[in-house]
Amino acid sequence: MLTRIDHIGIACFDLDKTVEFYRATYGFEVYHSEINEEQGVREAMLRINGTDDGGATYLQLLEPVREDSPVGKWLAKNGEGVHHVAFGTADVDADAADIRDKGVRVLYEEPRRGSMGSRITFLHPKDCHGILTELVTSAPPAPSDPPGGHPAP
Ligand code: MC0
């Protein structure tokens with residue numbers, strides 16, 4: 001069951017400048033950052049709020065590390081903006097299977113590694129009224145983690 005918005009993915013040309021915009025304009029700080037080579041992105045997660053299921057909602061700022069990556073191709077065509085919407089679930093495998101049974105193309109056979117050790121898959125935007133949609137199961141929190149489930153950077 002999809003229980004929350006996990007994050008909104010925002011494509012940008014310059015991650016550092018975009019992070020600074022969100023900090024200076026809204027006061028949002030970087031909660032976590034990493035490079036995901038498989039996805040071809042450098043990313044910063046800005047934690048907006050915690051949620052009732054112990055998860056959280058983030059803005060995910062994405063800068064491509066390769067022009068031929070999904071975000072690189074999308075930026076070249078569209079410029080900066082909202083790249084995808086991600087829903088959180090406790091069981092990405094079950095939800096992906098249910099959604100595939102409804103005729104929506106799920107892009108991965110098996111979920112792959114996402115931000116902060118999460119497991120992720122994507123639904124084809126052409127089957128979702130133009131929205132690239134991601135399903136996310138967060139990594140289980142370690143006993144020492146703060147409320148919200150993820151280690152602070
Ligand atoms: C492409 N299209 C999109 C789109 N990307 N539409 C809406 N939103 C997007 N983000 C449209 C194009 O405009 C095009 O439409 C059609 O889909 C085919 O796109 P393409 O550029 O020719 O590229 P493809 O077919 O090679 O790839 C599109 C596809 C790909 C969605 C399959 O981008 C993909 O596999 N995405 C999933 C992975 C991903 O996005 N990773 C980056 C975030 P027309 O009408 O022109 O045919 S990684 C991430 O977010 C991780 C780190 C995390 O959350 O933890």
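In this chain, residues are counted from 1 in sequence order. Read the numbers this way: they start at 1 and go in the same order the structure lists the ligands and their atoms. It should be emphasised that the depicted structure is a prediction, and the values quoted were computed from it without experimental measurement.
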Problem set entry | Test item: side-chain donor near acceptor, His83 and Gln60, under 3.5 Å |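 Looking only at side-chain atoms, Gln60 and His83 do not form any donor-acceptor pair under 3.5 Å.
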
Report the part of [X] in contact with ligand 1, treating N, CA, C, O as backbone and CB onward as side chain, heavy atoms under 4.0 Å; options are side chain, backbone, both, neither.
X: Ser115; value: both
X: Val136; value: neither
X: Ile131; value: neither
X: Lys73; value: side chain

Within 4.0 Å of [atom] (strictly less), any protein heavy atom?
atom: atom 8 (N) of ligand 1; result: yes
atom: atom 18 (C) of ligand 1; result: no
atom: atom 27 (O) of ligand 1; result: no

For this session: Report yes if the side chains of Gln39 and Phe122 come closer than 4.5 Å at any heavy-atom pair, otherwise no.
Result: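 Gln39 vs Phe122: side chains touch.
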
Over 12 non-hydrogen atoms of neighbours within 6.0 angstrom of [atom1] in [X]:
X: Glu20; atom1: CD; answer: yes
X: Asp68; atom1: CG; answer: yes
X: Glu80; atom1: CD; answer: yes

Which protein non-hydrogen atom lies closest to [atom], naming both residue and atom, and how far is it?
atom: atom 40 (O) of ligand 1; value: His83 CE1, 3.2 Å
atom: atom 51 (C) of ligand 1; value: Ile120 CD1, 3.8 Å
atom: atom 35 (O) of ligand 1; value: Leu107 CD1, 3.7 Å
atom: atom 45 (O) of ligand 1; value: Lys126 NZ, 2.7 Å
atom: atom 54 (O) of ligand 1; value: Glu134 OE2, 2.7 Å
atom: atom 31 (C) of ligand 1; value: Pro125 CD, 3.6 Å
atom: atom 41 (N) of ligand 1; value: Gln39 OE1, 2.8 Å
atom: atom 53 (C) of ligand 1; value: Gln60 NE2, 3.2 Å

Compare every heavy atom of [Y] with every heavy atom of [X], then report the nearest pair and how far apart it is.
X: Leu107; Y: Thr121; answer: N-OG1, 4.4 Å
X: Leu62; Y: Leu15; answer: N-CD1, 4.3 Å
X: Cys12; Y: Leu75; answer: O-CD1, 3.4 Å
X: Thr18; Y: Asp14; answer: OG1-O, 2.8 Å

So is there a nitrogen or oxygen of [X] less than 3.5 Å from a nitrogen or oxygen in ligand 1?
X: His124; value: no
X: Glu43; value: no
X: Tyr108; value: no

[X]: heavy atom below 4.0 Å from ligand 1, yes or no?
X: Gly130; value: yes
X: Tyr58; value: no
X: Met116; value: no
X: Lys77; value: yes

For this session: Decide, yes or no, whether a salt bridge links Arg66 with Glu37 under the criterion of side-chain N to carboxylate O below 4.0 Å.
Result: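 Between Glu37 and Arg66 there is a salt bridge, with a charged N closer than 4.0 Å to a carboxylate O.
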
Problem set entry | Salt-bridge criterion met for Asp16 and Arg42 (N-O under 4.0 Å) | yes

Which ligand 1 atoms, with their elements, are less than 4.0 angstrom from a heavy-atom of [X]?
X: His7; value: 54 (O)
X: Val71; value: 42 (C)
X: Gly114; value: 55 (O)
X: Trp74; value: 4 (C), 5 (N), 8 (N), 9 (C), 10 (N)

Exercise. Which residue, Asn49, Asp53, Thr89, forms the side-chain hydrogen bond (donor to acceptor under 3.5 Å, both in side chains) with Arg4?
Worked result: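 Single pass found, and it is Asp53.
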
Exercise. How many angstroms lie between atom CD1 of Ile10 and atom NE2 of His84, to the nearest 0.5 angstrom?
Worked result: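 Ile10 CD1 to His84 NE2: 9.5 Å, rounded to 0.5 Å.
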
Exercise. Out of Pro70, Gly72, Ala86, whose heavy atom sits nearest atom 36 (N) of ligand 1?
Worked result: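 Nearest option to atom 36 (N) of ligand 1, by heavy atoms: Pro70.
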
For this session: Output, in order, the C-alpha distance, side-chain angles, deciding distance and verdict of side-chain contact (heavy atoms from CB on, under 4.5 Å) for Met116 and Tyr31.
Result: CA-CA 10 Å; Met116 299 185 282; Tyr31 184 78; 4.2 Å; yes

Exercise. Do Ile8 and Tyr26 belong to the same hydrophobic cluster, where Ile, Leu, Val, Met, Phe, Trp and Tyr are linked whenever their side-chain heavy atoms lie under 4.5 Å apart, directly or via other members?
Worked result: yes

For this session: Could you check whether the rings of Tyr22 and Phe28 sit parallel, tilted or perpendicular, using 30° and 60° as the cut-offs?
Result: parallel

